[in-house]
2 protein chains.
Amino acid sequence: MVQKVYITYNQVHTMCQDAAPRILNTFTPSLMIAIGGGGYVPARILRSFLKKPGNPNIPIQAIGLSLYESLGTDSQVEKPGTKVTRTQWLDLGSLEMANLIGKSVLIVDEVDDTRTTLEYAVKELEKDVATAAREAGREAEETKFSIFVLHNKDKQKKGQLPKNMVEDGRYLAARTVPDVWINYPWEATDIQEHDKMAQQQTIE
Amino acid sequence: MVQKVYITYNQVHTMCQDAAPRILNTFTPSLMIAIGGGGYVPARILRSFLKKPGNPNIPIQAIGLSLYESLGTDSQVEKPGTKVTRTQWLDLGSLEMANLIGKSVLIVDEVDDTRTTLEYAVKELEKDVATAAREAGREAEETKFSIFVLHNKDKQKKGQLPKNMVEDGRYLAARTVPDVWINYPWEATDIQEHDKMAQQQTIE
């Protein structure tokens, strides 16, 4: 039986808050890309803590990636599917891709399970930026992608991240957990009961 | 002195959960549009409760609208600015605008303060859909926009919503509050203290 882990909103909040100094000091992102829907909540919280006084908020762009066969099944955050579907991508009208060239971009999601979604996101974003850099004649400028997730599951991954991203430490998981079932609060049908379950467990 | 109101994550969660049946029964949205960053959290929570068993999740598209002069000021959710800036818009590549024609679309944000952002969102979305409908020769089909916000401030509004949206009841605020200062949890620098303040207050 797979162990279930319950995560409260306040735990998510604190994970983001605690990660913020390291993100600011090592990644220094000028843009966040939230993978929806799981990345929405951590990205919004993170924005509060990445803001430096006197500076503007770090903008968030949301992209929508879905790894799951949703038709005919009940919503399960963790049920791995086989392919990634793009439901939203960068809005190239508002966000000039050229603005990304040479910048530091933080990709945010809730969980790194099979890594398939993250692999897709990094590959496609790198491809788009490379195209924009080529068109602008700015191939010398390096765009750095980094990743923040709430949880990384310590398991065999199907997806791969670029070697230099891992070697440079541009991957940060607030928690590394065994291959457990994670119940995030935004899926809870009884949030009081959910919080009780979270209190009773030994790992968070 | 403006009264400050503290809202906990669990209150936001419950507001979305409680609003879901009415949204499902009266608006029956087939798409959500989250106004970022404030709409991210309620939209993600709402998605859990708008899902019917055996049906796919209602997709979320995020748009980014900013009403605030951010440069040189500290982050303030509520400080009204004078103009709306578009930081992200619908991704017309992934989402065919044609898919919106004749559908019911729920716009989600955290707070309806001066109504300027909501007016902008509704007007621009209606314009885009009207263009798409004209191009597709489908002007007979009515696209219905509805709005869900966590809080509506009972005050003089600068922005206006379409008359038929209000008359048809396609506007839902989980709470209507006086013109108070709302502290949402995602801005809290001390979430435990924030929750304590929320417990001590008389209105939520």
Side-chain angles (χ1 to χ4, degrees), chain A residues 8-14 16-17 32 34 36-49 51 53-57 59-64 66 68-75 77 85-95 110 184-192 194-195, chain B residues 8-14 16-17 32 34 36-49 51 53-57 59-64 66 68-75 77 85-95 110 184-192 194-195:
Chain A
T8 68
Y9 281 110
N10 285 9
Q11 282 169 343
V12 171
H13 187 89
T14 306
C16 293
Q17 186 168 15
M32 267 188 279
Y40 285 174
V41 181
R44 176 59 194 85
I45 298 170
L46 214 44
R47 199 181 75 173
S48 300
F49 298 110
K51 187 177 186 307
N55 280 354
N57 272 313
I60 308 175
Q61 288 272 319
I63 60 174
S66 181
Y68 310 100
E69 297 295 308
S70 45
L71 201 67
T73 63
D74 278 344
S75 157
V77 175
T85 311
R86 226 187 241 206
T87 56
Q88 178 169 23
W89 199 243
L90 298 178
D91 166 27
L92 304 179
S94 302
L95 172 84
E110 57 184 0
Y184 286 106
W186 38 89
E187 292 273 341
T189 48
D190 184 335
I191 193 68
Q192 264 79 36
H194 179 94
D195 284 5
Chain B
T8 68
Y9 281 110
N10 284 10
Q11 283 170 342
V12 171
H13 187 90
T14 307
C16 294
Q17 186 168 16
M32 266 188 281
Y40 285 174
V41 180
R44 176 59 194 87
I45 297 169
L46 213 44
R47 199 182 75 174
S48 301
F49 298 109
K51 188 178 186 307
N55 281 355
N57 272 314
I60 307 175
Q61 289 272 320
I63 60 174
S66 181
Y68 310 102
E69 297 296 308
S70 44
L71 201 68
T73 65
D74 278 342
S75 156
V77 175
T85 311
R86 226 187 242 206
T87 56
Q88 178 168 25
W89 199 243
L90 299 178
D91 167 27
L92 304 178
S94 301
L95 171 86
E110 56 184 1
Y184 287 105
W186 39 88
E187 292 272 342
T189 47
D190 184 334
I191 193 68
Q192 263 80 37
H194 179 95
D195 283 6

message: Quick one: does any side-chain atom of B/Gln11 pair with a main-chain N or O of B/Thr8 as donor and acceptor, under 3.5 Å?
response: yes
query: Parallel, tilted or perpendicular for B/His13 and B/Phe49, by the 30°/60° rule?
result: perpendicular
field: Top contributor to chain A contacts, counting heavy-atom pairs under 4.5 Å, from B/Pro59, B/Pro185, B/Gly36, B/Ala188
entry: B/Ala188
- prompt: If you count heavy-atom pairs under 4.5 Å between each of B/Ile60, B/Val41, B/Ile45, B/Ile191 and chain A, which one has the most?
  reply: B/Ile191
- prompt: Who among A/Thr189, A/Ile63, A/Thr14 has the most heavy-atom pairs with chain B under 4.5 Å?
  reply: A/Thr189
query: Is it true that a side-chain atom of A/Gln61 and a backbone atom of B/Thr87 form a donor plus acceptor pair closer than 3.5 Å?
result: yes
field: B/Ala43, part contacting chain A, at a heavy-atom distance under 4.5 Å
entry: neither
Gap between atom OH of B/Tyr40 and atom CZ of A/Arg47 - 0.5 Å precision: 8.0 Å
